[in-house]
S.K.: 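This structure is in structure tokens; I'll ask about it shortly.
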Amino acid sequence: MIELNNGKKAPEKNSSNGIFEDYLNNVVIFDNKEVLRPTYTPDYLPHRDEQIQSVASILVAALRGDTPSNILIYGKTGTGKTAVVKYVGKELEKTGESHEMPCYVIYMNCEVVDTQYRLLATLARHLGKEVPMTGWPTDQVYEEFKNSLDKEKRVVIVVMDEIDKLVRKGDDVLYNLSRINADLKNARVSLIGISNDLKFTEFLDPRVKSSLGEEEIIFPPYDAEQIHDILEQRAKIAFKQSALDETVTRLCAAFAAQEHGDARRALDLLRVSGEIAERSKSSIVEERHVRLAQDKIEVDRIVEVVRTLPTQSKLVLLSVLKIKGRLEKTGDNISTGEVYTAYKQMCNDIGADILTQRRITDLISELDMLGIVNAMVVSKGRYGRTKAISLSVPEDNTKNVLMEDYRLKPLEDFIPIMPNVAQSQLF
DNA sequence: CTTCCACGGGAACACTGGGGTG
DNA sequence: CACCCCAGTGTTCCCGTGGAAG
């Protein structure tokens with residue numbers, strides 16, 4: 001322990017047991033909380049046998065030394081796509097070892113690895129190549145990867161999770177990867193793309209589209225019954241015996257089923273419910289905890305999103321809030337022009353750079369995507385076209401989070417000047 | 001039919017953080 | 001060391017366009 005106050009002895013007025021003892025003596029609800037986290041891959045995936053079989057039946061070609069067809073996997077979030085692919089991949093590598101047919105599965109999340117360069121660099125690094133984070137020309141990285149890949153006879157399965165995120169930034173990599181086999185003498189590559197977006201192939205180069213989608217597998221959402229099974233299976237490991245009220249898993253499943261059958265959400269809900277119960281010193285998780293958890297998850301999400309917004313976006317959001325404050329009675333939607341004038345004033349006040357209106361349009365659209373505001377383009381006839389913006393998160397809450405940012409602090413009491421409104425109200 | 005305001009696509013640019021070469 | 005190359009990102013500039021009120 002580090003002594004912080006110059007040798008002066010800290011007064012021991014906290015309970016004689018120390019601050020943690022109290023908590024340790026609390027009723028424990030969890031046995032193993034890890035199994036409720038999204039990162040955990042269980043050994044058995046209920047209600048996904050069919051999909052596992054499909055993937056396996058395609059990948060089995062690898063064990064015979066052939067190149068498996070490329071696969072595209074579709075399905076909404078939390079339908080077990082990633083879990084299934086990882087599971088089958090693990091099995092494939094294991095079986096490959098015992099059959100002396102080396103198979104490697106390289107898993108990548110394209111939300112993180114979202115550019116050509118980074119994708120190729122990650123692949124090369126998986127093969128033990130040193131590639132700098134930046135600096136090289138892309139084709140050099142490609143060559144590196146190709147050469148080290150081709151050194152021995154093997155089949156490499158490249159899994160690209162959230163592949164739709166990658167496609168938006170140009171599909172050159174996918175084109176190159178899908179043709180790489182023509183350049184290889186020993187090794188073989190096959191691709192698995194995982195997408196949340198059913199329509200993402202529309203933006204794809206037709207050549208890539210046909211090669212990538214040789215096989216397509218669709219993961220339907222779970223229904224409430226199936227989610228319930230999943231929860232039961234994990235809850236058995238996660239919770240102490242009889243710590244769960246019978247209705248709890250049912251309720252979690254029902255909530256998640258409403259949201260397009262997202263199992264990940266259901267597990268989150270169950271875990272947070274447990275945590276809330278634990279904190280409120282209840283020995284069992286009850287229905288009310290689930291309802292509390294439902295709210296908490298949503299609030300946490302928003303707070304986190306708003307907090308991590310770039311300053312410029314925060315300014316835009318604050319403009320919306322400020323104008324909303326002034327329009328309270330009318331409850332009108334806000335237009336881009338209004339936001340932009342308020343935004344400019346605030347930038348001046350705190351000495352921030354002023355971005356162009358074009359850029360602000362984009363920032364507003366981003367806020368819309370994040371679900372913080374709602375922006376709809378409307379045509380107001382003679383008075384032109386604009387976005388009708390309204391807030392879709394609690395006002396006070398959001399404001400507090402924004403004010404945590406020291407750069408925005410001086411704007412706490414800022415009042416936007418709105419010529420059209422102010423004048424008509426004054427006279 | 002005109003008019004108006006901002007939407008939103010696309011090109012161009014600036015800047016960053018990292019190469020490699022002479 | 002100076003210098004130029006490269007990918008990636010955020011931004012500005014330019015501009016054609018939508019669509020209902022007037």
Side-chain angles (χ1 to χ4, degrees), chain A residues 108-125 129-148 160 162-177 199-200 202-205 308-317 319-320 323 327 332-348 350-370 372-390 405 407 416 418-421 424:
Chain A
M108 254 179 318
N109 188 327
C110 299
E111 209 176 358
V112 194
V113 186
D114 63 348
T115 62
Q116 300 193 50
Y117 187 94
R118 285 212 267 271
L119 193 137
L120 291 171
T122 323
L123 288 176
R125 274 189 218 118
K129 278 280 171 184
E130 295 276 332
V131 179
M133 285 163 53
T134 156
W136 285 5
T138 314
D139 45 344
Q140 188 180 345
V141 184
Y142 177 79
E143 286 299 317
E144 285 291 322
F145 167 62
K146 202 184 71 188
N147 291 338
S148 57
M160 287 170 287
E162 319 228 9
I163 196 171
D164 37 333
K165 296 272 158 43
L166 185 71
V167 171
R168 301 187 205 297
K169 308 199 179 183
D171 45 16
D172 308 10
V173 224
L174 294 177
Y175 182 68
N176 290 332
L177 274 181
K199 297 176 299 183
F200 97 102
E202 285 175 16
F203 313 109
L204 229 49
D205 184 319
T308 53
L309 240 33
T311 314
Q312 291 291 348
S313 299
K314 283 184 181 168
L315 279 166
V316 174
L317 179 56
S319 307
V320 176
I323 298 171
L327 289 175
D332 269 343
N333 283 331
I334 302 160
S335 76
T336 311
E338 290 167 323
V339 172
Y340 192 58
T341 26
Y343 161 82
K344 272 193 293 191
Q345 292 166 29
M346 296 203 293
C347 282
N348 272 326
I350 63 168
D353 293 346
I354 301 177
L355 303 182
T356 49
Q357 181 153 313
R358 174 71 187 81
R359 181 70 188 128
I360 299 304
T361 308
D362 281 347
L363 291 184
I364 293 174
S365 303
E366 277 170 33
L367 290 177
D368 183 26
M369 299 255 226
L370 291 168
I372 301 175
V373 302
N374 197 305
M376 232 175 36
V377 283
V378 289
S379 197
K380 290 193 181 164
R382 193 73 235 286
Y383 305 104
R385 195 157 74 125
T386 186
K387 278 196 167 100
I389 306 161
S390 59
D405 190 324
R407 285 161 296 192
M418 293 187 294
N420 46 345
V421 179
S424 62

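A note on names: the letters A, B, ... follow the listed sequences, proteins ahead of strands, and every chain is numbered from 1.
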S.K.: Can you measure A:R382 atom CZ to C:dA21 atom P for me and round it to whole angstrom units?
M.R.: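 In whole Å, C:dA21 P and A:R382 CZ are 12 Å from each other.
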S.K.: What is the separation between atom CG on A:L119 and atom C1' on C:dA7, rounded to the nearest whole Å?
M.R.: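 Going from CG in A:L119 over to C1' in C:dA7 covers 14 Å.
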S.K.: Whole Å only: how far is the CE atom of A:M133 from the P atom of C:dA7?
M.R.: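 Going from A:M133 (CE) to C:dA7 (P), I get 16 Å.
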S.K.: Would you give the length of the straight line joining atom CG of A:N374 to atom CD1 of A:I334, rounded to the nearest 0.5 angstrom?
M.R.: 11.5 Å
S.K.: Provide a list of protein-nucleic acid N or O atom pairs under 3.5 angstrom, restricted to nucleotides 13-15 of chain C.
M.R.:
none

S.K.: Under the 3.5 Å rule, do the base of C:dG18 and the side chain of A:R385 count as making a donor-acceptor pair?
M.R.: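 A donor-acceptor contact between them is present.
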S.K.: For A:T311, which residues count as a side chain to side chain donor-acceptor pair (under 3.5 Å) partner, sequence neighbours excluded?
M.R.: A:R407
S.K.: Could you state the atom-to-atom distance from CD1 of A:I364 to P of C:dT11 in whole Å?
M.R.: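 Taking atom P of C:dT11 as the reference, CD1 of A:I364 is at 14 Å.
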S.K.: Taking side chain to side chain donor-acceptor pair (under 3.5 Å) as the test, write out the residues that go with A:Y175, two or more places apart.
M.R.: A:R179, A:R207
S.K.: Round to a whole Å and report the spacing from NZ of A:K387 to P of C:dT17.
M.R.: 19 Å
S.K.: When the distance from CZ of A:R359 to C1' of C:dT9 is rounded to whole Å, what number comes out?
M.R.: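 It works out to 10 Å between those atoms.
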S.K.: What heavy-atom pair brings A:L174 and A:L166 nearest, and what distance separates the two atoms?
M.R.: CD2-CD2, 4.2 Å
S.K.: Hey, could you give me each pair passing side-chain hydrogen bond (donor to acceptor under 3.5 Å, both in side chains) that has a residue in residues 353-362 of chain A? Not counting sequence neighbours.
M.R.: A:R358-A:D362
S.K.: If you define the side chain from C-beta out and look only at heavy atoms, does anything of A:Y343 sit under 4.5 Å from A:I354?
M.R.: yes
S.K.: Would A:L177 and A:L119 count as a side-chain contact (heavy atoms from CB on, under 4.5 Å) here? Give the steps.
M.R.: CA-CA 10 Å; A:L177 274 181; A:L119 193 137; 3.7 Å; yes
S.K.: Would A:V378 and A:N333 count as a side-chain contact (heavy atoms from CB on, under 4.5 Å) here? Give the steps.
M.R.: CA-CA 11 Å; A:V378 289; A:N333 283 331; over 6 Å; no
S.K.: Just to verify, what does A:S313 make a side chain to side chain donor-acceptor pair (under 3.5 Å) with, not counting sequence neighbours?
M.R.: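 Partners of A:S313 by the side chain to side chain donor-acceptor pair (under 3.5 Å) criterion come out as none, since no residue qualifies.
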S.K.: To the nearest angstrom, how far is A:L363 atom CG from C:dG10 atom P?
M.R.: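 These atoms are roughly 10 Å apart.
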S.K.: Find which nucleotide of DNA chain C each of A:Q357 and A:K380 is nearest to by heavy atoms, and output the residue with the more 5' nucleotide.
M.R.: A:Q357
S.K.: Reckon A:I354 touches a base, only the sugar-phosphate, or nothing at all at heavy-atom distances under 4.0 Å?
M.R.: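 Touches sugar-phosphate only.
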S.K.: Please list, in 5' to 3' order, the outermost nucleotides of DNA chain B lying under 4.0 Å from any heavy atom of chain A.
M.R.: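 Reading along DNA chain B, I get B:dT3 to B:dG20.
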S.K.: Tell me which of A:G135 and A:R118 sits closer to the 5' end of DNA chain C, going by the nucleotide each one is nearest to.
M.R.: A:G135
